[in-house]
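Structure first, then comments.
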Amino acid sequence: MQTPREVETLRCLLACPACGDASLAPTTAGFSCAVCGGSFPLVDSMPWLFPEPAAVLGEWRGRLHLLLEYLAREAGTCRRELDSDSLNDLTRQRLQLLAHAYEDQAVRLRKLLAPLELQARQERYEVHLALGTRLPETQGLTNYYANIHRDWCWGEPENRAACEFVTRLFKPAGPPRRLLVLGAGAGRLAYDLHQSQDIETTVALDFNPLLAMVGRRVTAGHRISLYEFPIAPCSIADHAVLRELAAPTPARAGLFFILGDSLAAPLAAGAFDAVLTPWFVDIVPDDLPVLMRRVNRLLAPHGDWLFLGSLAWADRPPSQCYSLEELLALAAAAGFAPGPAREERMPYMNSPASRHARVETVIALAAAKRSEVARPGTAAAQPAWLKDPDLPVPALPSFREQSLSTRVYAFIMAMIDGRRSIRDMATLMEEQKLMPASDAIPAIRQFLARMHADANKRANF
Ligand SMILES: C[S@@+](CC[C@H](N)C(=O)[O-])C[C@H]1O[C@@H](n2cnc3c(N)ncnc32)[C@H](O)[C@@H]1O
């Protein structure tokens with residue numbers, strides 16, 4: 001990892017993600033907690049600070065495996081289409097480019113993410129789909145993948161604008177001494193602030209190992225090449241563009257990347273003078289008042305919560321899709337004195353290879369901590385049989401119900417033999433006393449339509 005002095009700096013800011021105790025000790029393999037006995041490894045030289053480190057590592061490994069399987073399947077689809085004689089030369093050229101890029105990207109990702117130790121995984125794509133590796137939606141390996149290219153290749157104007165916007169939020173006395181960036185992604189904003197301002201320690205926290213590994217490596221002076229697959233490519237060549245990712249200069253001392261969940265932040269209470277949440281509060285499952293309390297806890301007295309983003313809420317009840325006015329009122333109730341909100345139209349994800357680009361009216365505001373608030377609860381504790389692989393799994397009524405529906409699901413899928421029609425299947429359903437054939441026809445039709453649509457959906461990694 002870093003020098004002994006840097007390890008000590010980091011240690012003072014960390015808390016055990018499992019028990020919340022503020023006393024992690026460095027070990028040769030990472031960090032350990034003297035209170036609960038938890039040990040937390042280093043992954044690609046970054047502290048891996050999740051409450052259940054091995055389980056989370058297994059989940060990300062599974063997502064990487066699924067992503068590699070997906071790339072192989074996409075390459076295979078392109079190659080099969082290339083077998084057709086009816087393709088024109090330009091389509092052939094595009095498919096060849098894509099097939100090669102998918103294959104090469106898989107090689108590059110496997111190498112880059114070698115610290116996740118994928119070797120032992122060999123399950124089939126279908127196993128992942130059955131086990132739901134692609135869920136939850138917000139935790140995919142390639143969610144925010146485009147940010148990598150924006151951060152470290154073509155995004156200079158956007159990156160500069162974001163950095164300047166945040167800098168204007170700093171107190172007149174100067175930048176914070178210890179800055180935390182929650183949901184730092186591939187880390188460009190954290191790096192730019194650290195490099196351009198007199199900040200002693202900047203901690204960039206994210207739970208996505210792909211983004212964090214790219215951020216850590218490029219800010220250490222490495223160059224990485226990965227493909228960009230733009231949403232709306234401008235030309236054939238733009239369908240898959242091999243980008244070189246690099247930082248302008250290696251970061252100076254004091255910039256740390258750590259892997260952890262902001263909802264169980266492995267950080268000591270009061271450890272930071274400022275906590276920045278860039279494009280973050282509207283994508284975490286926490287209701288905003290709960291997230292504000294988490295931020296409040298991490299701040300030293302009078303420290304600043306620095307908000308940056310455009311409040312584009314998704315996947316939550318309407319009552320939690322807050323406007324700026326509500327955010328300001330909620331901040332006051334969460335122990336903050338919010339300053340004036342500034343708004344600016346800013347380009348967002350304007351890849352030169354894509355016809356798709358966004359302009360957002362971005363809000364920036366600083367809210368000073370003026371009082372402590374009650375510590376938010378941690379996520380509901382998992383039942384013992386989920387944590388301990390040796391305990392019997394209870395036969396809950398809901399499990400029995402799911403077991404039956406899974407058998408029906410398997411029964412319908414098994415009836416597909418390339419010869420039977422929907423009516424034949426409905427007759428079989430009636431014979432098995434599952435449903436009258438007249439009801440089974442529309443039900444099977446709807447079920448198969450869903451399966452057909454699902455098969456064409458892009459999986460989430
Ligand atoms: C919209 S992106 C913004 C990334 C970065 N701040 C930027 O502006 O480019 C949200 C980031 O939050 C991270 N994230 C989401 N939920 C998280 C969680 N519970 N803990 C840590 N990071 C999380 C994602 O991996 C992603 O990098």
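For ligands, and for the atoms within them, numbers begin at 1 and follow the listed sequence.
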Candidate pair Y144 and N208, rule side-chain hydrogen bond (donor to acceptor under 3.5 Å, both in side chains), full reasoning: CA-CA 10 Å; Y144 313 113; N208 183 323; over 6 Å; no
By number and element, which atoms of ligand 1 are closer than 4.0 Å to a non-hydrogen atom of [X]?
X    : result
G185 : 27 (O)
L211 : 27 (O)
G260 : 20 (N), 21 (C)
V284 : 16 (N)
S262 : 18 (C), 19 (N), 20 (N), 21 (C)
R150 : 7 (C), 8 (O), 9 (O)
W279 : 1 (C), 2 (S), 3 (C), 8 (O), 10 (C)
N208 : 25 (O)

For a quick test of your reading: what N or O donor-acceptor pairs under 3.5 Å do the side chains of residues 320-330 make, sequence neighbours left out?
{"from": "Y322", "atom 1": "OH", "to": "D287", "atom 2": "OD1", "distance (Å)": "2.7"}
{"from": "Y322", "atom 1": "OH", "to": "D287", "atom 2": "OD2", "distance (Å)": "3.2"}
{"from": "S323", "atom 1": "OG", "to": "E325", "atom 2": "OE1", "distance (Å)": "3.4"}
{"from": "S323", "atom 1": "OG", "to": "E326", "atom 2": "N", "distance (Å)": "3.3"}
{"from": "S323", "atom 1": "OG", "to": "E326", "atom 2": "OE1", "distance (Å)": "2.8"}
{"from": "E326", "atom 1": "OE1", "to": "S323", "atom 2": "N", "distance (Å)": "2.7"}

Taking only residues two or more places apart in sequence or in another chain, which ones pass side chain to side chain donor-acceptor pair (under 3.5 Å) with T201?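 Applying side chain to side chain donor-acceptor pair (under 3.5 Å) to T201 gives none.
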Other residues, nucleotides, ligands: >12 heavy atoms within 6.0 Å of R370 CZ: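 Counting neighbours around CZ of R370, more than 12 heavy atoms of other residues, nucleotides or ligands fall under 6.0 Å, so yes.
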Tell me whether the count of non-hydrogen atoms from other residues, nucleotides or ligands lying under 6.0 Å of NE2 in H222 goes above 12.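 Buried by this count: over 12 neighbours within 6.0 Å.
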Under 3.5 Å between any N/O of [X] and any N/O of ligand 1: does that happen in this structure?
X    : result
L263 : no
G183 : yes
N147 : yes
D261 : yes
D206 : yes
D151 : no

Working to the nearest 0.5 Å, report the span between CD of E158 and CG of N350.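 Nearest 0.5 Å value for the CD-CG distance: 5.0 Å.
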Starting at OG of S235, measure out to CZ of R94 and round the result to the nearest 0.5 Å.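 These two atoms lie 11.5 Å from each other.
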Does [X] approach ligand 1 within less than 4.0 angstrom via side chain, backbone, both or neither, non-hydrogen atoms only?
X    : value
L189 : neither
L182 : neither
R188 : neither
Y144 : side chain

Stepwise, does the salt bridge (Lys or Arg N to Asp or Glu O under 4.0 Å) test hold for R63 with E59? CA-CA 6 Å; R63 288 182 194 122; E59 282 170 27; 3.6 Å; yes
With a 3.5 Å distance limit and no angle check, can you tell me whether R188 reaches the backbone of I148 through a side-chain donor-acceptor pair?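 Absent.
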Verdict with reasoning, E244 to W152, per side-chain hydrogen bond (donor to acceptor under 3.5 Å, both in side chains): CA-CA 8 Å; E244 186 172 74; W152 303 112; over 6 Å; no
Classify the side-chain pair T361/E344 by whether it contains a donor and acceptor separated by less than 3.5 Å.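 Looking only at side-chain atoms, E344 and T361 do not form any donor-acceptor pair under 3.5 Å.
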Who's closest to atom 23 (C) of ligand 1 heavy-atom-wise, of F280, Y348, Y145?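 Shortest heavy-atom distance from atom 23 (C) of ligand 1: F280.
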Evaluation steps, salt bridge (Lys or Arg N to Asp or Glu O under 4.0 Å), between R216 and D44: CA-CA 9 Å; R216 186 197 74 76; D44 199 34; 3.4 Å; yes
